[in-house]
Amino acid sequence: MADAAHRYGHLAWAVADGIGDDYEAADAAAMATQVAPYAALTGGAAHGISRARTTLQDHYQGCPRGQEGDCVMVTAVPMAERVGGGWDFAWVGDCRAYVVQSGALHQVTEDHTEGQKMRGWKDPYWATIAAGYDHKVTRSVLRHEPIDSVRLPGPVDVVMLCTDGVSKALSQADISRILTTDIHPRHMTRALIDATRSRSKGTDNIAVTVIAPRTP
């Protein structure tokens, strides 16, 4: 299990996916998610990933090349009402964030993968083979690469953070159906896990967190 999720109270969240299925990948994801939520709370979602990056780089300093652990990650933190509310998201790699606003599902993040890069070229040839490169991430926590972030204004009904084990197994319609159902976030999470397992037949790890800000 190389995926990990962690939160700092009910104030900040992180989900990470270790690159690979060995101990170092799992350890990197666990370390990153332990550090990121508190840092995101105090400095913003991108700062959470930046602090996780520093932690991994310090931990693997002097490690032989190719033996370091690494991961991809998404972080989320609600913004204060005094600045208009909403949510702050940041990510590297293919972990995703989704939100439900006014009953509609929206994908907040855009994957940092070779496949997504090919789709951006707007060429029919590359678009047809892009899916075969979706597993190759172009950014990660350990490497010195840009951290993308988005601040989403306004009321948000539901937030979901997940690894690609979920997003590759479930369609947008599958996710929408679960996240727009009037049930507790805990039950949404269980429904997402069950649906993912039924479609992927256990071929990938899963980490998913669902947050409903107005749920007690």
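Values in this document were obtained by computation on a predicted structure and should not be read as measured data.
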Could you walk me through whether Arg7 and Thr209 pass side-chain contact (heavy atoms from CB on, under 4.5 Å), step by step? CA-CA 9 Å; Arg7 70 181 188 184; Thr209 294; over 6 Å; no
[atom1]/[X] to [atom2]/[Y] distance, rounded to the nearest 0.5 angstrom?
{"X": "Tyr98", "Y": "Thr109", "atom1": "OH", "atom2": "OG1", "value": "7.0 Å"}
{"X": "Ile49", "Y": "Thr55", "atom1": "CD1", "atom2": "OG1", "value": "12.5 Å"}
{"X": "His59", "Y": "Met31", "atom1": "NE2", "atom2": "CE", "value": "4.0 Å"}
{"X": "Met118", "Y": "Tyr125", "atom1": "CE", "atom2": "OH", "value": "8.0 Å"}
{"X": "Glu24", "Y": "Asp70", "atom1": "CD", "atom2": "CG", "value": "11.0 Å"}
{"X": "Asp157", "Y": "Ile211", "atom1": "CG", "atom2": "CD1", "value": "13.0 Å"}

Short side-chain to backbone donor-acceptor contact, [X] and [Y], under 3.5 Å:
{"X": "Trp91", "Y": "Glu110", "value": "yes"}
{"X": "Ser176", "Y": "Gln172", "value": "no"}
{"X": "Gln67", "Y": "Arg65", "value": "no"}

Asp164 versus Ser167, side-chain donor and acceptor atoms under 3.5 Å: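 Note: Ser167 and Asp164 side chains miss the donor-acceptor criterion.
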Passing candidate, side chain to side chain contact (heavy atoms under 4.5 Å, CB included) with [X], options [options]:
{"X": "Val208", "options": "Ile175, Val166, Leu170, Val15", "value": "Val166"}
{"X": "Arg139", "options": "Asp148, Ile147, Thr113", "value": "Asp148"}
{"X": "Cys71", "options": "Leu56, Thr33, Asp17", "value": "Leu56"}

With hydrophobic residues grouped by side-chain heavy-atom distances under 4.5 Å, do [X] and [Y] end up in a single group?
{"X": "Met160", "Y": "Ile183", "answer": "yes"}
{"X": "Val92", "Y": "Tyr133", "answer": "no"}
{"X": "Met73", "Y": "Val108", "answer": "no"}
{"X": "Leu161", "Y": "Val156", "answer": "yes"}
{"X": "Val99", "Y": "Val74", "answer": "yes"}

Does a side-chain heavy-atom distance below 4.5 Å link [X] with [Y]?
{"X": "Met188", "Y": "Thr181", "result": "no"}
{"X": "Gln101", "Y": "Leu152", "result": "yes"}
{"X": "Asp94", "Y": "Asp134", "result": "no"}
{"X": "Leu192", "Y": "Leu179", "result": "yes"}

Check your understanding: Among all residues two or more places apart in sequence or in another chain, which pass the salt bridge (charged side-chain N to carboxylate O under 4.0 Å, His left out) test with Asp27?
Key ->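 Listed in chain order: nothing, the list is empty.
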_Heavy-atom count check: over 12 atoms from other residues, nucleotides or ligands less than 6.0 Å from Arg53 CZ?_
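Yes, CZ of Arg53 has more than 12 neighbouring heavy atoms, counting only those of other groups under 6.0 Å.
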Q) Should we say atom CZ of Arg143 is surrounded by more than 12 heavy atoms from elsewhere, each under 6.0 Å from it? A)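 Count over threshold, so yes.
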Looking only at non-hydrogen atoms, find the nearest pair between Ala25 and Gly20 and report the distance.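 Nearest heavy atoms, Ala25 then Gly20: CB-O, 3.6 Å.
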- Message: Can you classify the ring geometry of Trp121 versus Trp126 as parallel (below 30°), tilted (30 to 60°) or perpendicular (above 60°)?
- Response: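 Rings of Trp121 and Trp126: perpendicular, over 60°.
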Should the pair Trp87 and Phe89 be assigned to parallel (<30°), tilted (30 to 60°) or perpendicular (>60°) ring geometry?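 Because their plane-to-plane angle is under 30°, the rings of Trp87 and Phe89 count as parallel.
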Notebook entry, point to check: Is Val72 isolated, or which residues cluster with it under the ILVMFWY side-chain rule of less than 4.5 Å, directly or via members?
Noted result: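 Members other than Val72 - counting any ILVMFWY side chain reachable under 4.5 Å - are Ile19, Val137.
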Ignoring hydrogens and angles, write down the donor-acceptor pairs under 3.5 Å from the side chains of residues 34-46, residues two or more places apart or on other chains.
from: Thr42; atom 1: OG1; to: Tyr38; atom 2: O; distance (Å): 3.2
from: Thr42; atom 1: OG1; to: Ala39; atom 2: O; distance (Å): 3.1

